[in-house]
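Below is one structure, written out as structure tokens; comments come after it.
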Amino acid sequence: MLMMLAMSHVASAQAADVDVDNIRLWAAPDHVRVVFDLSDEVSSSVFKLDDPRRLVVDLKDAQLAFDPDDIDTSDSAIETLRTGRRNGDDLRVVFDLNRKIEPHHFLLPPTDQYGYRLVVDLDYPGEGALEEPVDPIAAMIRDQEMDAERELRQAEAEGTSPSAALAKNDSQAKPHPKRDIIVAVDPGHGGEDPGAIGPGGTYEKDVVLAIARKAKMHINATPGFKAFLTRDSDYYVGLRKRTLLAREQKADFFVSVHADAVKSRGPTGSSVYALSKNGATSESARWLAETENRSDLIGGVDGNLDLSDKDEVLRGVLLDLTMTATMNDSLSVGGQVLDKLGRVNRLHRSQVEQAGFVVLKSPDIPSLLVETGFISNPGEEKRLLSSAFQEKVADAIGDGIIAHFRRHPPPSSLLAWQRDQGRGEGPGEYRVQKGDTLSQVAARHDVTMLALKQANDLSGDILRVGQVLQIPHS
């Protein structure tokens, strides 16, 4: 509920140098971002006070150039705000707070759509960025799988035998967890970054959030799948933070939803992009990647993957091995998504394109960027605003991902367990029994542990009771 204190507007004897043209707020689960739109560069001071909790923003030689009565502080740590003059020509803005915060601020230079902006982030200590974090048991299972896979890749990168890594994780078969496949659905842009703007004034950030919400609902309605959104409201999430959230939530797959735009109003159709190590596969893909990557000039910059404990050569080989496997999976899913999209919309490109999108650069999570349509085309802009069309596109994205994982289910997933119920009696098949280990099954069938793992696309080395293994020819 919005509560406002009376504003104090005292005219200074001398006109201030900088106008504050607007103050905009975006509330997220773990922070609120406050953006001051400025007519020019400004000197600022930001500090917090206790008893009662307040955040103070002082702007030198500045004045309000708008009526702040309509500022909405609901769903945030800000209870009310007050303004007043200080030292004659300075502006003071006081935010009365209802919880603990840690402030961070930075000044952004002008861009195509904005002038100078002072960005103040009020982070909530101890709060997560998602309202529905991953189940701890599911997280533990995924960690075990991913840790075992990393050890194998490191052995390969170092040129040593993978036998030691396999033996280290060789343990008796566990009960089958029948876990959900976790999908991160990422609505592009958000908050002070509207993305592309259609000729009718439609914001990309609004359209893609609507489609992403529908995709999440469609995926969650499918047994064996669990989807979550990297943002579920109108606020900005940094490009690398989006992939970090996917990694924190142990996602099996990451899909970023966008709406394309070019200067010409002619182009239409949907496109699907995967990451390219060696650059884009077309000039349009390269240009689009550069456009999307510039979003961080608006929203700030996040951290990188930490491989500091590895030497430089090993880091490169490990990333190359991981990226290659991840991109192969991405292209496989991309083909499925493209096929489904082609049934509900014209395709701008008939194959999965590849480009260097920052948002796709999580080394160990297969990822896609889907351009749902050209918001710059008046006809497609109208379709993108249609709830019925949004649902068709969302279902196509979800169905493509679901189709891939039905073909290639992770061994610990419900889908794998369901598939194995009708298997286990054929030639070259073995159903895992209680007490089995990977080494025992391999020895019993006169094959290596590595061959058994590769033949069954095992992401970890923990066998599951009831799991059916394909026995490779020795």
Side-chain angles (χ1 to χ4, degrees), residues 28-31 128-134 138-139 142-143 145-147 149-150 153 181-191 193 195 205 208-209 212 215-216 219 226-232 235-258 272-277 280 288-308 315 318-331 333-334 337 352 354-371 397 401 459:
D30 61 342
H31 73 279
L130 300 175
E131 295 179 357
E132 302 177 18
V134 67
R142 286 282 287 139
D143 275 336
E145 294 172 346
M146 296 167 77
D147 287 346
E149 191 65 24
R150 288 189 194 104
R153 286 210 179 99
I181 292 165
I182 303 168
V183 180
V185 183
D186 172 53
H189 308 281
D193 173 19
K205 67 175 182 177
V208 299
L209 178 59
K216 174 191 171 184
I219 293 169
K226 173 68 176 177
F228 69 91
L229 300 179
T230 58
R231 69 173 178 94
D232 196 11
Y235 53 87
Y236 183 79
V237 181
L239 296 180
R240 296 195 185 279
K241 176 66 177 293
R242 296 167 191 261
T243 58
L244 180 62
L245 286 173
R247 299 182 81 239
E248 287 176 347
Q249 297 299 300
K250 316 302 178 187
D252 293 274
F253 196 79
F254 175 94
V255 58
S256 192
V257 184
H258 291 258
V272 176
Y273 294 82
L275 180 66
S276 170
K277 282 195 300 182
L288 181 60
E290 291 171 355
T291 301
E292 299 294 356
N293 292 347
R294 282 200 298 268
S295 292
D296 265 354
L297 296 178
I298 296 175
V301 180
D302 296 279
N304 297 294
L305 177 68
D306 183 15
L307 291 174
S308 57
R315 281 202 300 269
L318 275 172
L319 280 174
D320 183 65
L321 288 169
T322 305
M323 280 290 199
T324 299
T326 300
M327 283 193 297
N328 288 340
D329 285 343
S330 300
L331 290 169
V333 181
V337 172
V352 179
Q354 292 183 261
F357 292 105
V358 170
V359 78
L360 300 182
K361 290 185 178 180
S362 181
D364 47 0
I365 303 176
S367 308
L368 289 178
L369 187 146
V370 177
E371 294 285 358
I397 294 170
I401 296 169
S459 58

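Because only heavy atoms are used, hydrogens play no part in the values below, and waters and symmetry mates are left out as well, while side chains stay in. Here the structure is a predicted model, which is why all the values come from computation and not from measurement.
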Task: Approximate separation, where rounding is to 0.5 Å, of Ser256 OG and Leu360 CG - done: 7.0 Å
Task: Heavy-atom check, side chain of Glu371 versus side chain of Leu369, under 4.5 Å - done: yes
TODO: Examine Arg240 relative to Phe357 and say whether NZ or CZ is less than 6.0 Å from the centre of the six-membered ring and inside a 45° cone about the ring axis.
DONE: no
TODO: May I ask you to decide whether Asp186 forms a salt bridge with Lys241, counting only side-chain N to carboxylate O separations under 4.0 Å?
DONE: no
Task: Ile181 side, atom CD1; Ile219 side, atom CD1 - distance, nearest 0.5 Å - done: 10.5 Å
Task: Evaluation steps, side-chain contact (heavy atoms from CB on, under 4.5 Å), between Val183 and Lys226 - done: CA-CA 6 Å; Val183 180; Lys226 173 68 176 177; over 6 Å; no
Task: Gap separating the OH atom of Tyr235 from the CG atom of Asp193, nearest 0.5 angstrom - done: 14.5 Å
TODO: Just do the side-chain contact (heavy atoms from CB on, under 4.5 Å) check on Arg231 and Tyr236 with the steps written out, would you?
DONE: CA-CA 8 Å; Arg231 69 173 178 94; Tyr236 183 79; over 6 Å; no
TODO: State, to 0.1 Å, how close Thr230 and Val237 come at their nearest heavy-atom pair, and which atoms those are.
DONE: O-CG2, 3.8 Å
Task: Flag, side chain of Gln354 to backbone of Ala274, donor-acceptor distance under 3.5 Å - done: no
Open item on the list: Applying side-chain contact (heavy atoms from CB on, under 4.5 Å) to Val257 and Val185, what does each step give before you reach the verdict?
Closed with: CA-CA 7 Å; Val257 184; Val185 183; 4.2 Å; yes
TODO: Taking the side chain as every heavy atom from C-beta outward, state whether Phe253 and Ile182 have any atom pair closer than 4.5 Å.
DONE: no
- [ ] Grab the two heavy atoms, one from Ala129 and one from Pro29, that are nearest each other, plus how far apart they are.
- [x] O-CG, 3.4 Å
- [ ] Please tell me if the side chains of Phe254 and Ser330 come closer than 4.5 Å, counting only heavy atoms from C-beta onward.
- [x] no
Task: CG-CG distance between Leu245 and Asp30, expressed to the nearest 0.5 angstrom - done: 8.0 Å
Open item on the list: I need the minimum non-hydrogen distance between Ala246 and Phe228, along with the two atoms involved.
Closed with: CA-CZ, 4.1 Å
- [ ] Look up atom NE2 in His189 and atom CG in Leu209, then write down how far apart they are to the nearest 0.5 Å.
- [x] 12.5 Å
Open item on the list: Could you check whether any side-chain N or O of Lys205 sits under 3.5 Å from a backbone N or O of Gly188, counting only pairs where one atom can act as donor and the other as acceptor?
Closed with: no
Task: From CA spacing to verdict: side-chain contact (heavy atoms from CB on, under 4.5 Å), Thr326, Ile365 - done: CA-CA 6 Å; Thr326 300; Ile365 303 176; 5.5 Å; no
Task: Closest heavy-atom pair and its distance - Leu368, Gly334 - done: CD1-CA, 3.4 Å
TODO: Kindly compute the distance separating CG (Leu229) from CZ (Arg242), expressed to the nearest 0.5 Å.
DONE: 11.0 Å
Task: Nearest heavy atoms of Thr243 and Val358, plus distance in Å - done: CG2-O, 4.4 Å
- [ ] Search all heavy atoms of Leu275 against all heavy atoms of Gly356 and return the closest pair with its distance.
- [x] CD1-CA, 3.9 Å
